[in-house]
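Note sheet for the following structure.
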Amino acid sequence: MRARIAVLGGDGIGPEVVAESLRCLTAVAAKFGHTIDCDQQLFGGAAIDVYNDPLPQRTLDACLQADGVLLGAIGGPKWGPAAAVRPEPGLLRLRRELGVYANLRPIKLHPMLRDASCIRAELLEGVDLIFARELTGGIYFGEKSRTPTSATDVCTYTVTEIERITRVAGRLATARRRHVTSIDKSNVLETSRLWREVAERVIRAEFPAITLEHMLVDAAAMHLIKRPRDFDVLLTENMFGDILTDEAAMLASSLGVLPSASLGDGKRGLYEPIHGSAPDIAGRGIANPIGTILSAALLLEHSLGWTAAARALEQAVADAVTNGARTADIVSPGKTPLSTRQMGDAVLAELTR
Ligand code: IPM
Ligand code: MG
């Protein structure tokens, strides 16, 4: 079969990790007799430098015409908070234009990376959870205002927005351990009270086999570290999910190993590692490409439906790590880390073994 993907390297380490992911993606596709056509486009700060727009029309068109979008990361000090045109609104617009309201962030620890985590190894045994983060609503997209002495960001959620992400969480949990923890701040926020009500109604009515638990976001931040293996599916609004997934990444050793899939109602999705552009290490060839390689596996699975290829790519990553492949972020003290490219080579070697 043949598929077409848009490839957006973005900024900082984005292009470096995307290059390795792309090598693995094309290799695994070929292994299963598939062909992937890539349309590489500028996005984020890199697009601002050329077009003065983080999401130029040609980039958006390439994404809209593709079966899936593979993205690295965007942002950097050159286009910081004071810049007239910034990369981040481009990412939010892309998510909106693609209609990808459900951001799935699976957090699973490779057993051999237990000691690479900053959290005590015995707490991590058996951690296997996934976030269903609402991605196209909430405070990220509300009205904003600024005067010399004040600023406002409005948070709005509609029933429809909450219903559809709750259904995503329900379907995920159905195929897993049938437990959903819905995160909110209903002791303070009106949007959270609506969130709790709607989540409750949808799960009760449509997923009777699922246990639904509600948890306040501050408590969730604590319990994620204290008893992470108790979580199965975490259902969150946009900003709570943003914050908690960075925290939860520490359960999996490093931000560098975690993929994400952003999905809407159709098959087309946006796939990106959950880490940022890491300007401090950009251009040095030391970033961990695993999160982006695993994002390509999610693309194979959710957008292309090439499940066997997806499983093979995930297995190749797991085998590379089992055989000792480590970039700087997950290397044991005293050992020499692999470069970004060498980590890509290690995964490719497992694929062709
Ligand atoms: C993420 C990122 C983005 C977000 C930024 C870059 C806008 O932190 O994908 O988690 O907040 O959604
Ligand atoms: Mg984030």
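Counting convention: from 1, in listed order, for ligands and their atoms alike.
With rounding to the nearest 0.5 Å, the separation of OG1 in T245 from CG in L258 is 9.0 Å. Atom OG1 of T340 sits about 7.5 Å away from atom CD1 of I286, to the nearest 0.5 Å. With values rounded to the nearest 0.5 angstrom, R93 atom CZ is found 12.0 Å from L91 atom CG.
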Can you give me a line-by-line list of nitrogen or oxygen pairs between ligand 1 and the protein shorter than 3.5 Å?
unit_1	atom_1	unit_2	atom_2	d
ligand 1	8 (O)	D242	OD1	3.2
ligand 1	9 (O)	R95	NH2	2.8
ligand 1	9 (O)	R105	NH2	2.9
ligand 1	10 (O)	R105	NH1	3.3
ligand 1	10 (O)	R105	NH2	3.1
ligand 1	10 (O)	R133	NH1	3.4
ligand 1	10 (O)	D242	OD1	2.9
ligand 1	11 (O)	Y140	OH	2.6
ligand 1	11 (O)	D242	OD1	3.4
ligand 1	12 (O)	R95	NH1	2.7
ligand 1	12 (O)	R133	NH1	3.4
ligand 1	12 (O)	R133	NH2	2.9

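Metal site remark for the Mg ion (ligand 2): D246 contributes no N, O or S atom at a distance under 2.8 Å.
When hydrophobic clusters are built by joining Ile, Leu, Val, Met, Phe, Trp and Tyr residues whose side-chain heavy atoms come closer than 4.5 Å, directly or via intermediates, L212 is grouped together with V217.
Considering just the N/O/S atoms of D242, the one nearest the Mg ion (ligand 2) carries the name OD1.
Scored by the side chain to side chain contact (heavy atoms under 4.5 Å, CB included) test, E163 finds V159, R167, V198, R201, V202 as partners (sequence neighbours excluded).
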Check the pair W195, Y157 against ring-ring contact (aromatic ring centres under 6.0 Å, His included), reporting the backbone distance first and the verdict last. CA-CA 8 Å; W195 186 277; Y157 266 109; 5.4 Å; yes
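For K267 and D67, the salt-bridge test fails: no basic side-chain N is under 4.0 Å from an acidic carboxylate O.
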